[in-house]
Amino acid sequence: AQKITQTQPGMFVQEKEAVTLDCTYDTSDQSYGLFWYKQPSSGEMIFLIYQGSYDEQNATEGRYSLNFQKARKSANLVISASQLGDSAMYFCAMREGPGNQFYFGTGTSLTVIP
Amino acid sequence: NAGVTQTPKFQVLKTGQSMTLQCAQDMNHNSMYWYRQDPGMGLRLIYYSASEGTTDKGEVPNGYNVSRLNKREFSLRLESAAPSQTSVYFCASSELAGSYEQYFGPGTRLTVT
């Protein structure tokens, strides 16, 4: 079974609108972490936001927020007020296990339309 | 601080050749990781080292070996390269506390012909 599932290969959003990128995860651990990374066309991996499994409040970092629904095992990324520079691949990832192994989803390509 | 550095940036190998990808971090992180990224597959973990002196297999370890040389350096070796190992390779490091956020190197684009 996939540890991280991103079901949206590609998404389009109008500039200044909000967009939600979906992510579901699979783990039997009680302690785990969820991450979102951005990969622009230049190729580097940029950390966006983190949510710990014990965190009761949804994480927020500027225009990024993580909608964490533990019972549904979902960790969707919400980008508010989209900008042209937000056009990139977005990866959801999970850390679990005593060795802190990481698993990444297959990514969502976001295109912001002027 | 340079963060995570990787060498080389690009490499072309012939089938059967060997090479070592180098990775170093200057953030005093305990954990280091090697990933490969293929189109449509996201990043897949090859090997990781939770702390100095330990290494463990990830999802796709076959055809690779690693060495955690010291706390700073973590190398990935291809003993006999195959075309299926054509990929972009990323090294990352993280701390064993807090968010465990991973810091990534710029990547190595490897082509095996």
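Letters A, B, ... are given to chains in the order of the sequence lines, protein chains preceding strands, and every chain is numbered from 1.
- The side chain to side chain donor-acceptor pair (under 3.5 Å) check on A:Tyr37 picks up nothing, with sequence neighbours excluded.
- By the rule that hydrophobic residues join a cluster once side-chain heavy atoms approach within less than 4.5 Å of another member, A:Val13 and A:Val78 end up as members of separate clusters.
- Side-chain atoms of A:Phe91 and B:Gln37, non-hydrogen and from C-beta on, do get closer than 4.5 Å to each other.
- In this structure, chain A has a heavy atom under 4.5 Å from the side chain of B:Leu45, while its backbone stays farther away.
- Contact of the A:Gln39 side chain with the B:Phe104 side chain is not registered, since no non-hydrogen atoms from C-beta on lie closer than 4.5 Å.
- A single hydrophobic cluster is not seen to contain both A:Tyr64 and A:Phe47; linkage of ILVMFWY side chains at heavy-atom distances under 4.5 Å, directly or through other members, places them apart.
- Taking the centre of each ring, B:Tyr35 and A:Phe102 stay at or above the 6.0 Å mark.
- Within 6.0 Å of CD on A:Gln2 lie no more than 12 heavy atoms contributed by other residues, nucleotides or ligands.
- With a 6.0 Å radius and a threshold of 12 heavy atoms from other residues, nucleotides or ligands, A:Lys16 has its NZ atom at or below the threshold.
- With a 4.5 Å cut-off on side-chain heavy atoms, B:Gln102 and A:Arg95 do not count as touching.
- At a threshold of 4.5 Å between side-chain heavy atoms, the hydrophobic network of Ile, Leu, Val, Met, Phe, Trp and Tyr places B:Tyr89 and B:Leu43 in two separate groups.
- Smallest separation of non-hydrogen atoms from A:Phe35 and B:Glu101: CE2-CA, 3.7 Å.
- Ranked by heavy-atom pairs under 4.5 Å with chain A, the first of B:Met41, B:Arg44, B:Arg109 is B:Met41.
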**OP:** Would you check, one step at a time, whether the test side chain to side chain donor-acceptor pair (under 3.5 Å) holds for A:Gln101 with B:Glu59?
**Re:** CA-CA 10 Å; A:Gln101 191 159 350; B:Glu59 293 180 80; 6.0 Å; no
